[in-house]
Amino acid sequence: MRKTENDIVERLKSSSRLAAAGRRSLPMGIGDDAALFVPTPGYQTILTCDWFLEGTHFLREKHPADSVGWKCLARALSDVAAMGGKPRCFLLNLALPKTHIGRWFDDFLGGLNRAAHKFACLLVGGDTSRQEKILINVTVIGEVRTGQAVLRSGAKPGDAIFVSGRLGEAELGLRRLRKTKGRVHKSDLRLKKHLYPEPRFALGQWLAKNRLATSMMDLSDGLSTDLHRLCAASRVGARIDATKIPTVKIRGNDILFRTRQSIGQPKNRPRIALDLALNGGDDYELLFTVPKAKLGAIPASFKSTRLTYVGVTSSTKRIVLTDFAGAEALMPSDGWDSFRS
């Protein structure tokens, strides 16, 4: 049977966990010209949007459609988590080739459905179109209690710098995926962080509610790049200790990129793991700063998520990295940049 744009919209509407109309906060969702949204009294609205593009953010021949559905929403939601907020609803703009409105679209909806349910964020509208490449844009509406939003611009000299989780896992997963022949299976645990990232909502909300973080953002483009952004917004510098950064373990058969020395030599693995942590993207962990007076309130882990002190902010506006040998050098911004050649 010939499928039309209306058929695609109906499949979105009928997906059980995506439908949002009829709720008090969302009296009108999918089905009219636009959605109606009722803000929660005492809260500020958070607005964010994110592209998820074939060839740039995922590979049609490699990534499972289920993970594309999950990740296109999860990565947009991470911006809400980074302000200490919670999501309310989202808009989906989706362009697909005609060849992908069958099984691929069903699997995509499955992943999107699971993410929407997991993170309590419902679809309220958007647009669909036909295109030879798969193009996805997600707009998220979230909220945070008035006066509690944590911004990038609040860090002060002398604040401690923390990261959540383990950095470089998503980039390591991507490099493993590129080595795999054909499309990978969604159950491959080695690729979980890359295929199915989880925004740190509970941590962000806890830090915001208890006013522990002076600044915060999510790590989407790598620590080296995102730290530069946070420091620029706060007009501070930073001193980072490479030995404290929580990195991944590199196995002997992880041939990640060509080097003059063999990656199989154990002495090289810590440096490669550090490169992944500094410059790999897609981790969606939180980078945040804490004043000295509140350091005692930061636990070693929060709800099974590791919290690691990695350095301190400074008044010099220089970002310095101390390496494994104790040598200091300016840390370049070498993370993900879609415009970098």
Please find the pair of heavy atoms, one from Pro197 and one from Phe119, that lie closest to each other, and give the distance. O-CZ, 4.5 Å

Has the side chain of Thr247 got a donor or acceptor atom that lies under 3.5 Å from a matching backbone atom of Ala273? no

Mark yes or no for whether Thr313, through its side chain, and Gly237, through its backbone, hold a donor-acceptor pair below 3.5 Å. no

In the hydrophobic clustering that connects Ile, Leu, Val, Met, Phe, Trp and Tyr at side-chain heavy-atom distances below 4.5 Å, which members other than Tyr284 occupy its cluster, ordered by chain and number? none

Treating Ile, Leu, Val, Met, Phe, Trp and Tyr as nodes and any side-chain heavy-atom pair under 4.5 angstrom as an edge, say whether Val290 and Leu307 lie in one connected cluster. yes

Short side-chain to backbone donor-acceptor contact, Lys317 and Cys231, under 3.5 Å: no

Without placing hydrogens or testing angles, list every side-chain donor-acceptor pair under 3.5 Å for residues 76-87, not counting sequence neighbours.
{"from": "Ser78", "atom 1": "OG", "to": "Asp218", "atom 2": "OD2", "distance (Å)": "2.8"}
{"from": "Asp79", "atom 1": "OD2", "to": "Thr48", "atom 2": "OG1", "distance (Å)": "3.0"}

So, using side chain to side chain contact (heavy atoms under 4.5 Å, CB included) as the criterion, who are the partners of Arg318 when residues are at least two apart? Thr316, Val320, Leu330

How close do Ile136 and Val68 get, heavy atom to heavy atom, and via which atoms? CD1-CG1, 3.7 Å

Basic-acidic side-chain contact under 4.0 Å: Asp107, Arg103: yes

Between Phe162 and Ala160, which heavy-atom pair has the shortest distance, and what is it? CE1-CB, 3.7 Å

Donor-acceptor pair, Glu171 side chain versus Gly280 backbone, under 3.5 Å? no

Does one hydrophobic cluster hold both Ile298 and Met216, with members joined at side-chain heavy-atom distances below 4.5 Å? yes

Hey, are the side chains of Asn113 and Leu109 touching, using non-hydrogen atoms and a 4.5 Å cut-off? no

Determine yes or no for a side-chain-to-main-chain donor-acceptor pair under 3.5 angstrom, with Ser215 supplying the side chain and Phe288 the backbone. no

Under 3.5 Å donor-acceptor, Asp283 side chain and Glu285 backbone: no

Verify side chain to side chain contact (heavy atoms under 4.5 Å, CB included) between Phe37 and Ile141, making sure each step is shown before the conclusion. CA-CA 9 Å; Phe37 172 76; Ile141 299 172; 3.6 Å; yes

Audit row: Asn279, Trp336, side chain to side chain contact (heavy atoms under 4.5 Å, CB included) steps and yes/no: CA-CA 7 Å; Asn279 305 318; Trp336 169 254; over 6 Å; no

Spell out, yes or no, whether Ile250 and Ile245 are grouped together once hydrophobic residues are joined by side-chain heavy atoms under 4.5 Å, including indirect joins. no

side-chain hydrogen bond (donor to acceptor under 3.5 Å, both in side chains) between Thr225 and Ser333: does it pass, once the steps are laid out? CA-CA 5 Å; Thr225 290; Ser333 175; 2.9 Å; yes

Phe90 to Val138 - nearest heavy-atom pair and separation: CD1-CG1, 4.0 Å

Which pairs pass salt bridge (charged side-chain N to carboxylate O under 4.0 Å, His left out) with one or both residues in residues 36-52, sequence neighbours excluded? Asp50-Arg75

Under 3.5 Å, side-chain donor or acceptor atoms of residues 145-154 against the rest of the protein: list the pairs with distances, not counting sequence neighbours.
{"from": "Arg145", "atom 1": "NH2", "to": "Tyr43", "atom 2": "OH", "distance (Å)": "2.9"}
{"from": "Thr146", "atom 1": "OG1", "to": "Gly42", "atom 2": "O", "distance (Å)": "3.0"}

Checking Arg175 against Leu276 for the side chain to side chain contact (heavy atoms under 4.5 Å, CB included) test, could you report, in this order, the C-alpha distance in whole Å, the side-chain angles of both residues, the deciding distance, and whether it holds? CA-CA 10 Å; Arg175 297 187 185 193; Leu276 294 174; 3.7 Å; yes

Look only at the side chain of Ser220 and the backbone of Asp282, and say whether a donor-acceptor pair between them is shorter than 3.5 Å. no

Residues forming a ring pair (Phe, Tyr, Trp, His ring centres under 6.0 Å) with His228, sequence neighbours excluded: none

Run the side chain to side chain contact (heavy atoms under 4.5 Å, CB included) test against Leu91 and tell me which residues pass, sequence neighbours left out. Val124, Thr139

Determine whether the aromatic ring centres of residues Phe201 and Trp206 are separated by less than 6.0 angstrom. no

Pair Glu143-Thr45, side-chain donor/acceptor within less than 3.5 Å: no

I want to check something: taking the side chain as every heavy atom from C-beta on, are Arg306 and Arg166 in contact at a cut-off of under 4.5 Å? yes

Could you check if a side-chain atom of Leu94 sits within less than 4.5 angstrom of a side-chain atom of Leu96, using non-hydrogen atoms only? yes

Donor-acceptor pair, side chain of Asp188 and main chain of His185, under 3.5 angstrom: no

Can you pull the ring-ring contact (aromatic ring centres under 6.0 Å, His included) pairs that have at least one residue in residues 314-334, sequence neighbours excluded? none

Ring pair (Phe, Tyr, Trp, His ring centres under 6.0 Å) with Phe105: which residues, sequence neighbours excluded? none

Let's go through Lys292 and Asp159 carefully: what are the C-alpha distance in whole Å and the side-chain angles of both, what is the deciding distance for side chain to side chain contact (heavy atoms under 4.5 Å, CB included) to 0.1 Å, and is it a yes or a no? CA-CA 6 Å; Lys292 288 182 180 180; Asp159 285 353; over 6 Å; no

Starting from the C-alpha separation in whole Å, work towards a yes-or-no answer on side-chain hydrogen bond (donor to acceptor under 3.5 Å, both in side chains) for Thr289 and Thr214. CA-CA 6 Å; Thr289 56; Thr214 53; 2.5 Å; yes

Could you give all pairs that pass the side-chain hydrogen bond (donor to acceptor under 3.5 Å, both in side chains) test and reach residues 229-241, with sequence neighbours left out? Asp221-Arg229, Asp226-Arg229, Arg239-Glu328, Asp241-Thr243

Taking all atoms of both residues into account, what is the closest heavy-atom pair of His194 and Leu177, and its distance? CD2-CD1, 4.2 Å

Partners meeting ring pair (Phe, Tyr, Trp, His ring centres under 6.0 Å) with Trp104 (sequence neighbours left out): His100, Phe108

Short side-chain donor-acceptor distance under 3.5 Å, His63 and His57: no

So which residues get pulled into Leu53's cluster when ILVMFWY side chains under 4.5 Å apart are joined, directly or through others? Trp51, Leu135

Grab the two heavy atoms, one from Val184 and one from Leu195, that are nearest each other, plus how far apart they are. CG2-CD1, 4.2 Å

